[in-house]
**Student:** 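For reference, the structure I am asking about is given below.
Letters go in sequence order (proteins before strands), and every chain restarts at 1.
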Amino acid sequence: MTKAHIAADPTSRILGWYDRHHRDLPWRISPPMAARGERADPYRVWLSEVMLQQTTVQAVKSYFALFTAKWPTVTDLAEAETEEVMKAWAGLGYYARARNLKKCAETVAFTHGGRFPDTEDGLKQLPGVGDYTAAAIAAIAFDRQAAVLDGNVERVISRLHAIDAPLPGSKGMMRGLVAAMTPARRPGDFAQAMMDLGATICTPKRPACVLCPLNDACVAPVSDDPQRFPVKAAKKEKPVRLGAAFVATDETGAVFLRKRPGHGLLGGMTEIPNTDWTARQDGATGADAAPFAAAWQNCGTVVHVFTHFELRLTVFRSTVSRTAATGPGWWEPEETLDGEALPSVMKKAIKQAMPEAFRPRPRTTEIEKAHTP
DNA sequence: AAGACGTGGTT
DNA sequence: TAACCAAGTCT
């Protein structure tokens with residue numbers, strides 16, 4: 001048996017490619033260290049995987065640095081105030097992840113003695129940990145031979161086999177194909193290698209097939225256009241929703257804020273008063289929909305695109321006496337606005353009404369500097 | 001099982 | 001610029 005013949009095994013080729021071309025990321029252990037038996041901290045693997053759900057590596061980096069500095073262990077996170085966690089997560093999106101992150105930390109810290117379950121099934125019981133994340137943690141942190149299937153791997157596998165069946169229906173079949181490739185030795189490196197391959201070589205547009213370690217095993221480039229895969233079900237049209245938002249300031253520039261309900265869109269996050277727009281309902285768009293009477297000035301409209309609808313928000317501003325504000329809420333000084341649990345759409349609306357808000361503060365810590373989403 | 005659920009970067 | 005996309009999960 002020749003060396004070339006051994007190297008033709010796709011799994012070995014991917015691992016060899018990973019040894020040479022792996023990305024260095026803050027939550028990873030490099031292949032040489034992994035070869036010496038070192039493993040990534042399960043807490044850091046879990047935290048990074050949850051942050052990376054539907055989110056780019058670039059966006060995650062500063063949040064990961066902030067979270068691990070503030071809360072070095074899962075018990076630290078479990079003991080944190082929920083509001084502090086939501087503040088730290090603000091801007092990352094998909095806020096149910098943050099709510100589940102906190103619940104999961106509490107479960108691990110208080111009912112599992114501070115240690116993550118070390119099997120796929122055990123991990124999948126945790127809030128916010130689904131098929132992908134359970135497999136990823138099991139493989140990367142605990143050396144389990146788990147089949148890790150994410151968007152990157154779906155792309156690689158669908159091209160490798162030129163799979164015409166559309167996602168998400170073809171997911172089960174793809175998981176079987178990944179399982180067949182996943183080695184007993186280095187399953188974590190294999191999973192990360194497949195994801196790196198999808199992220200850097202087997203990209204959605206213009207894949208670099210000439211540089212791919214699976215080039216001569218891959219069906220797509222010879223029989224087909226690789227960019228055609230993976231085949232996905234057609235997307236639905238995004239409806240436009242309308243609403244109004246109200247920036248009330250006092251004489252000092254403090255802004256009146258409220259807390260959103262704990263579930264649903266932007267659940268658990270902070271907001272300025274606004275009309276009741278949801279995924280299925282327009283809100284009123286005029287000053288007559290304001291939470292309390294004031295001389296509201298129309299500041300124009302901001303457009304914000306959510307996953308399943310586009311929001312056009314008319315923004316109003318008024319300077320009022322604090323006694324004018326009614327209903328639950330509080331006055332937040334302009335200087336500390338930036339540290340609040342404000343989703344991007346709310347920051348955008350506030351900025352529309354008061355461009356002076358969110359200016360860089362003169363005195364910031366190193367961690368806060370690193371954390372500028 | 002299909003829809004809810006964010007955001008910012010790239011093409 | 002409008003469309004598409006990025007390491008999914010929950011209900």
Side-chain angles (χ1 to χ4, degrees), chain A residues 23 25-28 44-64 86 89-101 103-104 123-137 139-140 146 148-156 166-169 171-172 175 178 188 191-200 202-206 227 230 232-241 260-269 271 278-281 302-311 341-348 372-373:
Chain A
R23 290 176 292 175
L25 298 169
W27 46 85
R28 299 221 295 214
R44 293 166 64 88
V45 175
W46 162 73
L47 179 62
S48 67
E49 292 300 346
V50 173
M51 287 183 165
L52 285 161
Q53 290 167 8
Q54 298 289 284
T55 308
T56 58
V57 166
Q58 180 55 34
V60 164
K61 281 182 175 172
S62 68
Y63 285 86
F64 182 81
M86 301 315 282
W89 195 277
L92 244 200
Y94 283 139
Y95 298 100
R97 291 185 296 170
R99 288 179 254 132
N100 285 330
L101 189 82
K103 283 184 209 148
C104 181
L123 288 160
K124 216 179 296 187
Q125 304 305 310
L126 298 169
V129 178
D131 290 341
Y132 161 74
T133 305
I137 299 171
I140 296 167
V148 176
L149 184 65
D150 75 332
N152 288 305
V153 182
E154 284 170 359
R155 198 162 51 249
V156 173
L167 283 168
K171 211 163 177 174
R175 183 171 288 106
V178 177
Q192 295 177 96
M194 289 287 277
M195 293 191 279
D196 279 14
L197 193 62
T200 65
C202 196
T203 49
K205 309 288 181 192
R206 302 175 59 82
Q227 279 186 216
K232 293 182 180 176
K235 298 165 194 65
K236 293 192 173 168
E237 191 178 334
K238 214 167 266 196
V240 175
R241 299 289 162 192
R260 291 180 67 88
H263 295 287
L265 187 69
L266 310 178
M269 301 298 284
E271 66 176 7
T278 71
R280 295 185 176 281
Q281 182 188 336
V302 296
V303 176
H304 191 79
V305 181
F306 291 94
T307 309
H308 49 297
F309 68 100
E310 174 185 314
L311 176 67
L342 288 162
S344 293
V345 63
M346 294 298 162
K347 286 194 171 185
K348 198 184 285 186
T372 46

**Student:** Does A/Gln192 or A/Leu126 map to a spot on DNA chain C nearer the 5' end, using the closest nucleotide for each?
**Tutor:**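 Here A/Gln192 is the residue nearer the 5' end.
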**Student:** Mapping A/Gln58 and A/Tyr94 onto DNA chain B by nearest heavy atom, which one lands closer to the 5' end?
**Tutor:**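 It is A/Tyr94 whose nearest nucleotide is closer to the 5' end.
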**Student:** Where the side chain of A/Leu265 is defined as all heavy atoms beyond and including C-beta, which of C/dG8, C/dC10, B/dG6 is the nearest nucleotide?
**Tutor:**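 Nearest to the side chain of A/Leu265 among the choices is B/dG6.
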**Student:** First locate atom OH of A/Tyr94, then atom CD of A/Gln54, and finally report the distance between them rounded to the nearest 0.5 Å.
**Tutor:**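 So the gap between those two atoms works out to 5.0 Å.
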**Student:** Map A/Gly130 and A/Lys232 onto DNA chain C by nearest heavy atom, then report which one ends up closer to the 5' terminus.
**Tutor:**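 Its nucleotide being nearer the 5' end, the pick is A/Lys232.
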**Student:** Looking at every strand, decide which applies to A/Leu25 at a 4.0 Å heavy-atom threshold: base, sugar-phosphate, or nothing.
**Tutor:**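 Here A/Leu25 touches the bases of the nucleic acid.
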**Student:** Provide the distance between the two P atoms, one in C/dT9 and one in B/dG8, to the nearest whole Å.
**Tutor:**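 Going atom to atom, P in each nucleotide, I get 22 Å.
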**Student:** Can you find a pair of side-chain heavy atoms, one from A/Asn100 and one from A/Val129, that are under 4.5 Å apart?
**Tutor:**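 Result no, sub-4.5 Å side-chain heavy-atom pair not found.
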**Student:** Please work out if A/Thr133 contacts a base, only the sugar-phosphate, or nothing of the nucleic acid, heavy-atom cut-off 4.0 Å.
**Tutor:**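 Sugar-phosphate, no base atom in range.
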**Student:** State, without any angle test, whether A/Lys238 and A/His308 hold a side-chain donor-acceptor pair at a distance under 3.5 Å.
**Tutor:**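 Not at all, the side chains of A/Lys238 and A/His308 share no donor-acceptor pair under 3.5 Å.
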**Student:** Between A/Arg241 (side chain only) and A/Phe309 (backbone N and O only), is there a donor and an acceptor less than 3.5 Å apart?
**Tutor:**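 Answer holds: no.
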**Student:** On the nucleotide C/dG8, are OP1 or OP2 found under 4.0 Å from the side-chain N or O atoms that A/Gln53 carries?
**Tutor:**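 Result: no.
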**Student:** From C/dG8, B/dC5, C/dT9, pick the nucleotide closest to the side chain of A/Gln54?
**Tutor:**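 The closest nucleotide is C/dG8.
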**Student:** Return yes if some donor-acceptor pair links the side-chain N/O of A/Arg28 with the main-chain N/O of A/Val45 below 3.5 Å, else return no.
**Tutor:**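 Looks like no, no N/O pair under 3.5 Å.
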**Student:** If I take atom NZ in residue A/Lys171 and atom C1' in nucleotide B/dA1, what distance separates them, rounded to the nearest angstrom?
**Tutor:**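 From A/Lys171 NZ to B/dA1 C1': 13 Å.
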**Student:** Which nucleotide sits closest to the side chain of A/Leu266: B/dT7, B/dG3, B/dC5?
**Tutor:**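 It is B/dT7.
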**Student:** Taking any heavy-atom pair under 4.0 Å as a contact, classify A/Ala279: base, sugar-phosphate, or nothing.
**Tutor:**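 Result for A/Ala279 = sugar-phosphate.
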**Student:** Measure the distance from CG on A/Leu167 to C1' on C/dA6 and round it to the nearest whole Å.
**Tutor:**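 Interatomic distance, CG of A/Leu167 to C1' of C/dA6: 15 Å.
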**Student:** On a whole-Å scale, what distance lies between the C1' atoms belonging to C/dA6 and B/dC5?
**Tutor:**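 Per the computed distance, 15 Å lies between those C1' atoms.
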**Student:** Just the rounded figure in Å: distance from C1' of C/dC5 to CG of A/Asp150.
**Tutor:**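 Checked: the CG to C1' distance equals 14 Å.
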**Student:** Within the 3.5 Å criterion, strictly below it, is a donor on A/Thr203 or A/Arg155 matched to an acceptor on the partner's side chain?
**Tutor:**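 Result is no, nothing qualifies.
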**Student:** Drop me the distance from A/Leu149's CG to A/Glu154's CD, to the nearest 0.5 angstrom.
**Tutor:**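 These two atoms lie 4.5 Å from each other.
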**Student:** By nearest atom, which of the nucleotides C/dT9, C/dC5, B/dG8 is closest to the A/Tyr132 side chain?
**Tutor:**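 Comparing C/dT9, C/dC5, B/dG8 against the side chain of A/Tyr132, the answer is C/dT9.
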**Student:** Rounded to whole Å, please give me the gap between NZ in A/Lys235 and C1' in B/dG3.
**Tutor:**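 So the two atoms are 15 Å apart, to the nearest Å.
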**Student:** Separation of A/Tyr63 atom OH from B/dG8 atom C1', in whole Å?
**Tutor:**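 Rounded to whole Å, this separation is 10 Å.
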**Student:** Categorize A/Arg155 for me: base, sugar-phosphate, or nothing, with a 4.0 angstrom heavy-atom threshold over every strand shown.
**Tutor:**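 Sugar-phosphate contact only - A/Arg155 comes under 4.0 Å of backbone atoms but never of a base.
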**Student:** Given B/dT7, is OP1 or OP2 found less than 4.0 Å from the side-chain N or O atoms of A/Lys348?
**Tutor:**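 A/Lys348 to B/dT7 OP1/OP2: no side-chain N or O under 4.0 Å.
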**Student:** A/Lys236 has a side chain; which of B/dC5, B/dG3, B/dG8 sits nearest to it?
**Tutor:**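 That would be B/dG3.
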**Student:** Just compare B/dG8, C/dC4, B/dG6 and give me whichever is closest to any side-chain atom of A/Ser344.
**Tutor:**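 Given the options B/dG8, C/dC4, B/dG6, the side chain of A/Ser344 is closest to B/dG8.
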**Student:** Tell me: CG of A/Leu47 to P of C/dG8, nearest whole Å?
**Tutor:**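 In whole Å, C/dG8 P and A/Leu47 CG are 16 Å from each other.
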**Student:** What's the CG-P distance between A/Leu52 and B/dG8, to the nearest Å?
**Tutor:**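 Value for this atom pair: 17 Å.
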**Student:** Going by distance alone, is a donor N or O of one side chain under 3.5 Å from an acceptor N or O of the other, for A/Tyr132 and A/Glu49?
**Tutor:**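 Yes, side-chain donor-acceptor contact under 3.5 Å.
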**Student:** So, is A/Tyr95 near the phosphate of B/dT7, with a side-chain N or O under 4.0 Å from OP1 or OP2?
**Tutor:**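 True: A/Tyr95 side-chain N/O within range (under 4.0 Å) of B/dT7 OP1/OP2.
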**Student:** Considering every strand and a 4.0 Å limit on heavy-atom distances, what is the contact class for A/Trp89: base, sugar-phosphate, or nothing?
**Tutor:**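 Contact class for A/Trp89: none.
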**Student:** From the list C/dC4, B/dG6, C/dT9, which nucleotide is the closest neighbour of the side chain of A/Asp131?
**Tutor:**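 The nucleotide sitting nearest to the side chain is C/dT9.
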**Student:** Given B/dT7, is OP1 or OP2 found less than 4.0 Å from the side-chain N or O atoms of A/His304?
**Tutor:**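 Checking B/dT7 against A/His304, a side-chain N or O does come within under 4.0 Å of OP1 or OP2.
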**Student:** Out of C/dC5, B/dC5, C/dT9, which has the shortest distance to the side chain of A/His308?
**Tutor:**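 From the listed options, B/dC5 comes nearest.
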**Student:** Base, sugar-phosphate alone, or nothing: which one does A/Val345 contact when heavy atoms must sit under 4.0 Å apart?
**Tutor:**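 Sugar-phosphate contact only - A/Val345 comes under 4.0 Å of backbone atoms but never of a base.
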**Student:** Heavy atoms under 4.0 Å, any strand shown: does A/Val57 hit a base, just sugar-phosphate, or nothing?
**Tutor:**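 Result for A/Val57 = base.
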**Student:** Among B/dT7, B/dC5, C/dA6, which nucleotide has an atom closest to any side-chain atom of A/Thr56?
**Tutor:**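 My answer, after comparing the listed nucleotides, is C/dA6.
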**Student:** For B/dA4, take OP1 and OP2 only and decide whether either is under 4.0 Å from a side-chain N or O of A/Arg280.
**Tutor:**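 Looking at the OP1 and OP2 atoms of B/dA4, one of them is under 4.0 Å from a side-chain N or O of A/Arg280.
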**Student:** CG of A/Leu101 versus C1' of B/dG6: gap in Å, rounded?
**Tutor:**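 Nearest whole value for this atom pair: 16 Å.
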